[in-house]
Amino acid sequence: MNALWVALLVVLVVALLLRWLRPTWYWLTFGVTFAAVRVLIRYRSVMDACGLTVPPSRWRLTLARVANRPVPEARSPRILWLRPTATGLVLRLKLRPGQDAFDFSASSDRLRHSFSLHNVVSREIRSGVVELRMTGYDVLRRVRMPAVAPGDGLRVPVALREDGEVHHRDYRQVPHALNVGATQSGKSVYQRTLVAGLAPQNVALVGIDCKNGVELAPLAARFTALADNPDVAVDLLAALVAYMGRIYELIRTEQRINVGLPDAEITADIWDLPAHLRPVPVVLLVDEVAELALAASKADEARRDQIVTHLVRLSQLGRAAGIYLEICGQRFGSELGKGITMLRAQLTGRTAHRVNDETSANMAFGDISPDAVLAAVQIDKDRPGTAVAGDSSGGWSRIRAPHTTLRQAVDTCNAHAHRTPSIPELEPFRPAVPLRVLVGKVQPKPTAATAF
């Protein structure tokens with residue numbers, strides 16, 4: 001008997017240690033079983049308490065009346081299956097007639113408390129089927145990205161979602177995106193993770209970093225073009241617009257629409273061109289857009305108007321030419337001047353890190369989802385890297401990027417420096433490779449462009 005109590009005490013101590021130090025191991029060994037039993041036992045009472053049941057149908061009431069039986073109880077959604085995952089449970093439900101998927105989304109907090117789980121996210125799979133993704137612990141407290149296959153087609157894993165799934169930045173699905181957040185909110189780490197994920201892919205990286213290049217210059221080995229001040233940025237954007245025009249001429253030439261051409265070979269963008277003719281896609285990263293939009297004199301205003309005009313043209317026309325925008329800034333509102341709201345309207349993807357006021361969150365999500373605005377202003381300052389990601393469809397989720405150090409990002413870019421393509425229009429803006437990359441080679445004489 002004493003041995004049994006000792007064994008139970010050891011198991012309890014091990015479970016508590018795992019829950020504190022290795023929550024994933026605790027969940028896979030103990031938590032998933034307890035949570036599944038708890039969900040199945042409480043299911044009917046929870047559905048009834050949350051108002052997610054429907055009254056009995058008329059034919060059931062009539063049958064009970066004819067048979068002189070008690071009135072049937074309200075019916076809960078039918079469980080299709082319950083599947084455990086590495087971070088929680090996935091419960092798929094078949095809705096009863098008269099129920100709506102929005103009811104489950106609105107009841108997510110009540111379901112979370114009722115099932116004693118960390119988080120519940122609802123989404124509609126198809127008409128009449130709802131999936132509840134429930135996490136058993138805080139997966140964003142210590143972000144550990146699961147092993148995923150190398151991305152292709154410009155789809156980069158950049159963060160972990162609160163439901164335990166990987167959040168991808170997919171440029172084919174969401175061509176242009178906006179990333180806002182206050183100082184020390186995690187924007188730079190998110191940008192580093194994105195660059196490190198793009199480095200192994202067949203893509204040209206173009207950067208504009210008006211903080212004298214302190215964020216993007218260390219990654220210069222993988223950049224085709226880089227501007228570190230507004231004067232160079234306006235010329236770089238003009239060259240990128242000229243490159244876009246050349247790509248459109250190539251697409252127009254290769255369309256060759258005639259009666260005998262199969263429909264599958266007709267194209268209006270670069271992705272349906274033959275592989276030997278397809279130009280490399282370009283990702284333009286703007287580190288601080290406000291520095292491009294500020295103007296202190298008449299000359300600055302003329303330059304600012306040119307920059308905003310080029311950015312708007314690239315956002316409106318660049319997708320088919322394989323040019324994608326990633327705009328970062330602390331604020332992105334109409335106070336930045338004429339044309340900014342037109343540019344924001346073209347940025348489908350929205351990511352908001354911690355912001356200092358509700359107005360900044362409204363700049364990202366005010367025209368998309370009020371719930372996302374509320375979630376953005378509630379981000380804890382002690383959790384840098386946490387953000388709210390959404391798009392123009394209204395869907396959103398909390399995410400947190402892994403902590404990618406500058407050293408890790410530099411090493412990744414240096415390892416894939418041979419993948420950096422050369423574009424004739426952007427060749428004058430090719431950054432000088434930092435001296436530390438040229439290990440074992442004859443180092444050039446330091447100049448103002450190469451000295452650190």
Side-chain angles (χ1 to χ4, degrees), residues 27 31-139 161-165 167 365 367-376 378 388-399:
W27 175 256
V32 64
T33 303
F34 297 150
V37 172
R38 189 166 57 244
V39 168
L40 294 176
I41 291 177
R42 298 181 182 178
Y43 177 73
R44 289 187 179 276
S45 61
V46 168
M47 291 294 114
D48 185 57
C50 294
L52 299 176
T53 58
V54 295
S57 59
R58 291 184 178 180
W59 72 268
R60 294 185 66 203
L61 292 173
T62 302
L63 184 61
R65 191 178 300 112
V66 170
N68 196 22
R69 293 182 177 180
V71 177
E73 297 180 351
R75 305 183 70 187
S76 304
R78 182 162 58 91
I79 297 178
L80 296 180
W81 46 260
L82 178 65
R83 178 171 59 87
T85 66
T87 58
L89 297 171
V90 179
L91 180 63
R92 186 164 291 188
L93 305 174
K94 175 67 176 176
L95 302 186
R96 301 293 183 182
Q99 290 186 314
D100 188 272
F102 176 77
D103 297 335
F104 291 84
S105 178
S107 302
S108 59
D109 277 339
R110 285 178 285 177
L111 292 172
R112 173 171 65 93
H113 291 296
S114 300
F115 289 139
S116 300
L117 293 168
H118 180 76
N119 188 53
V120 175
V121 176
S122 170
R123 67 188 183 104
E124 185 177 2
I125 302 300
R126 58 179 183 273
S127 179
V129 178
V130 167
E131 184 177 270
L132 301 180
R133 300 193 68 90
M134 303 176 283
T135 50
Y137 59 95
D138 188 0
V139 298
R161 290 204 315 244
E162 62 180 344
D163 59 0
E165 294 294 306
H167 176 71
F365 295 113
D367 54 346
I368 293 177
S369 173
D371 294 336
V373 173
L374 182 61
Q378 292 177 341
V388 175
D391 53 47
S392 58
S393 66
W396 62 275
S397 63
R398 291 182 183 87
I399 64 171

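- When all heavy atoms of P97 and V54 are compared, the pair lying nearest together is O-CG1, 3.8 Å.
- Annotation: the span from R78 atom CZ to K94 atom NZ amounts to 7.5 Å, rounded to 0.5 Å.
- Put simply, the side chain of M47 reaches to within 4.5 Å of the side chain of L111, judged on heavy atoms.
- Remark: of the listed residues S114, S108, S107, S107 is the sole one forming a side-chain hydrogen bond (donor to acceptor under 3.5 Å, both in side chains) with R110.
- Distance CG/N119 to CE/M134: 11.0 Å, rounded to 0.5 Å.
- With hydrogens and angles ignored, the 3.5 Å screen pairs no side-chain donor or acceptor of E131 with any backbone N or O of V90.
- Taking all atoms of both residues into account, the shortest heavy-atom contact from G136 to H118 is C-CB, 4.0 Å.
- Put simply, OG on S76 and CZ on R96 are 7.5 Å apart, with the number rounded to the nearest 0.5 Å.
- Considering all non-hydrogen atoms of both residues, R38 and L117 come closest at NH2-CD2, 4.0 Å.
- Between the CG atom in L374 and the CZ atom in F365 there is a gap of 12.0 Å [rounded to 0.5 Å].
- G164 and T87 make their closest contact through CA-OG1, 3.7 Å (heavy atoms, listed as atom of the first residue, atom of the second, distance).
- Minimum heavy-atom separation, A101 to L95: N-CD1, 4.0 Å.
- For the residue pair P77 and L93, the shortest heavy atom distance occurs at CB-CB, 4.2 Å.
- Here Y137 contributes atom OH and T135 contributes atom OG1; the two are 8.5 Å apart, rounded to the nearest 0.5 Å.
- Separating the CD atom in E124 from the CZ atom in F104 is a distance of 11.0 Å, to the nearest 0.5 Å.
- Heavy-atom neighbours of R44 CZ from other residues, nucleotides or ligands within 6.0 Å: at or below the threshold of 12.
- For the salt bridge (Lys or Arg N to Asp or Glu O under 4.0 Å) test, residues two or more places apart in sequence or in another chain that qualify with E165 are R133.
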